[in-house]
Amino acid sequence: MHWLLLLAAIAAEVAGTTFMKLSMGFTKLGPSILLAVCYLLSLTMLNLALKSVSMSVAYAVWSGAGTALVAGIGWVLFGERMSLLKIVCILLIIAGVAGLNLVEESHGEPKNSGSPQLSTRSSEGTEV
């Protein structure tokens, strides 16, 4: 469920960024309002996803996938240039996000930590 919220957060962020382009620097009212609504939805769903997905992975997936999708939208809808170097850089972002997920799973880090794991040392030097 939390991964679905993260995917919805990414979709809302991508839509918000697309409306940002269409708002022409906040000179168009409709796209400007939709931009604010989409970003509010995106941040709300990202916040809810953080209940179960670790912050480092959730933010990396949210921003990395959003960046890759927005680059594709810029190319397809707005005719922005897509060079080979740009494609390689986007693939590196995707590889980084996948790597973060693999590292977290291979180290068995908790996905539902809820709060930071803090430990302290007692006066005898043992970890509490």
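These numbers were taken from a predicted model, which means no experiment stands behind them. For the single chain, residues carry numbers from 1 onward in sequence order.
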Which atom names give the shortest non-hydrogen contact between [X] and [Y], and what distance separates them?
{"X": "A60", "Y": "V97", "value": "O-CG2, 3.4 Å"}
{"X": "V53", "Y": "H2", "value": "CG2-CB, 4.2 Å"}
{"X": "M82", "Y": "A71", "value": "CE-O, 3.6 Å"}
{"X": "S32", "Y": "F26", "value": "OG-CA, 3.3 Å"}
{"X": "Y39", "Y": "G16", "value": "CE1-C, 3.6 Å"}

[X] [atom1] to [Y] [atom2] distance, which is reported to the nearest 0.5 Å:
{"X": "E13", "Y": "L6", "atom1": "CD", "atom2": "CG", "result": "11.0 Å"}
{"X": "L84", "Y": "C89", "atom1": "CG", "atom2": "SG", "result": "9.5 Å"}
{"X": "L4", "Y": "L48", "atom1": "CG", "atom2": "CG", "result": "12.5 Å"}
{"X": "W62", "Y": "L43", "atom1": "CH2", "atom2": "CG", "result": "5.5 Å"}
{"X": "I90", "Y": "L85", "atom1": "CD1", "atom2": "CG", "result": "10.0 Å"}
{"X": "T17", "Y": "L22", "atom1": "OG1", "atom2": "CG", "result": "11.0 Å"}

Cluster question for you: counting only ILVMFWY and a side-chain heavy-atom cut-off of under 4.5 Å, with indirect links fine, are [X] and [Y] together?
{"X": "V70", "Y": "L7", "value": "yes"}
{"X": "V76", "Y": "V14", "value": "yes"}
{"X": "W75", "Y": "L91", "value": "yes"}
{"X": "L92", "Y": "V61", "value": "no"}
{"X": "L69", "Y": "L35", "value": "yes"}

Taking [Y]'s backbone N and O only, do any of them form a donor-acceptor pair with [X]'s side chain (distance below 3.5 Å, no angle check)?
{"X": "S23", "Y": "M20", "value": "yes"}
{"X": "K86", "Y": "R81", "value": "yes"}
{"X": "T67", "Y": "S63", "value": "yes"}

* **Atom CE of M55 with >12 non-hydrogen neighbours under 6.0 angstrom** =>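 No, CE of M55 has 12 or fewer neighbouring heavy atoms, counting only those of other groups under 6.0 Å.
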* To do: Would you check, one step at a time, whether the test side chain to side chain contact (heavy atoms under 4.5 Å, CB included) holds for L50 with Y59?
  => CA-CA 9 Å; L50 288 176; Y59 187 75; over 6 Å; no
